[in-house]
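Report on one structure; see the data block that follows.
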Amino acid sequence: DAAKQFPQWKWIPLLNLSTLSHEAFHLYVQFPGTGSLPMRDFTMARDEIFKSCYPQAIFQTERDALLRAFTISRSNADAGEVRQAAKDYVTARQDRYRQLSAVRIVSHGKVGDCELAEANLEALEGMAEYVGESTHLDQGLMSDADLVDYFAPDDTQPFYRTGLFALLIL
C-alpha cells in the first residue's frame, strides 16, 4: 500500500491546494495588479536569515512555546491560560532577539536586525501561509496535530510557520 510505504505523500494534494492559495494571496492581495512577485522579495537573504537568526539551540525554546500557545489557544482553555502561553512565546522570542542583537541582516535593501528581517518575512510569507493552511483547518482536511507536525524542528524557513501560527493564535 503506497500510503504506508510513503506516508509523506498524504500531504501532496493538500500542499498543492495550499500552494495555490498561498501564491494567489501574494499575487492578488499583497501585490495586486503586478502579475508577479516583485524582485525585492528575492533580495532578502533567506538562507542568511535562517543561519544567523534561528540558531537551533535558541530557536527550539521559542518554537516549542509557539506550538504550546497554539495548542492551548485551540483547546477549551480559559482566556488567562491562553494569554499566559502567548506571553511565554513572546518572552522566548524577545530572549532570542536579545541574544542575537549584534546580528545584522540586509532586508529590502536596508540593514537591520533579526527582528526586522523576520517581521518582513512573516508578513510576506506567514500571512500567505495562513491563507493556505487555515483553509485546510476550516474544512477539516487537516487537524491541529497535523499542522503542529508540519512545523518540523529542522525547518529551514521557519518564518512561514511562525507567521502562520501567530496568526492562528490571534
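Atoms considered below: every heavy atom in the structure, side chains included; atoms not considered: hydrogens, waters and symmetry mates. Note that the numbering runs from 1 along the sequence shown for the chain.
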In the single-linkage hydrophobic clustering (I, L, V, M, F, W, Y; side-chain heavy atoms under 4.5 Å), do Val29 and Tyr130 co-cluster?
yes

Can you tell me if Asp88 and Thr91 form a side-chain donor-acceptor pair at under 3.5 Å?
no

From the list Arg93, Gln94, Gln99, side-chain hydrogen bond (donor to acceptor under 3.5 Å, both in side chains) with Tyr97 holds only for Arg93

For a quick test of your reading: what N or O donor-acceptor pairs under 3.5 Å do the side chains of residues 54-61 make, sequence neighbours left out?
unit_1, atom_1, unit_2, atom_2, d
Tyr54, OH, Glu118, OE1, 3.4
Gln60, NE2, Asp64, OD1, 2.9

Starting from Leu100, can I reach Leu121 by hopping between I/L/V/M/F/W/Y residues whose side chains sit under 4.5 Å apart?
yes

Closest non-hydrogen atoms of Gly132 and Ser21, given as atom of the first, atom of the second and distance, are CA-CB, 3.8 Å

Worked check of side-chain contact (heavy atoms from CB on, under 4.5 Å) between His26 and Leu124:
CA-CA 8 Å; His26 285 318; Leu124 179 71; 4.0 Å; yes

Where do Phe70 and Leu147 land on the side-chain contact (heavy atoms from CB on, under 4.5 Å) test, with the steps shown first?
CA-CA 10 Å; Phe70 168 73; Leu147 195 59; 4.2 Å; yes

Can you check whether Thr135's main-chain N or O pairs, donor with acceptor, with Asp138's side chain at less than 3.5 Å?
no

With rounding to the nearest 0.5 Å, note down the distance linking CG in Leu164 to OG in Ser134.
8.0 Å

Is Phe151 reachable from Ile169 through a run of hydrophobic residues whose side-chain heavy atoms are each under 4.5 Å from the next?
yes

Reported CG-to-CD distance for the pair Asp78 and Gln84, which is rounded to 0.5 angstrom:
11.0 Å

Minimal heavy-atom distance between Glu62 and Ala92, with the atoms involved, is CA-CB, 3.8 Å

Closest approach of Cys114 to Ser52 (non-hydrogen atoms, all atoms of both residues):
SG-O, 4.3 Å

Correct closest heavy-atom pair for Val131 and Phe25 would be CG2-CD1, 3.4 Å

Do you know the tightest heavy-atom contact between Val148 and Thr71?
CG2-OG1, 4.2 Å

Working to the nearest 0.5 angstrom, can you tell me the gap between Leu167 CG and Thr162 OG1?
9.5 Å

Cluster check Leu67, Leu168: I/L/V/M/F/W/Y, side chain < 4.5 angstrom
yes

Using the rule that Ile, Leu, Val, Met, Phe, Trp and Tyr join whenever any side-chain heavy atoms are under 4.5 Å apart, tell me whether Phe165 and Leu170 fall into a single cluster.
yes

Does a donor on one side chain sit under 3.5 Å from an acceptor on the other, for His22 and Glu133?
no

Under 3.5 Å donor-acceptor, Arg161 side chain and Tyr150 backbone:
no

Do the side chain of Glu48 and the main chain of Ile105 share a donor and acceptor less than 3.5 angstrom apart?
no

Given side chains that start at C-beta, do those of Met127 and Gln30 come closer than 4.5 Å, heavy atoms only?
yes

Got more than 12 heavy atoms from elsewhere within 6.0 Å of CZ, Arg104?
yes

Could you state the interatomic distance from OG (Ser73) to CD (Glu81), rounded to the nearest 0.5 Å?
10.5 Å

Do you know which two heavy atoms are closest between Phe50 and Asp155, and how far apart they sit?
CE1-O, 3.3 Å

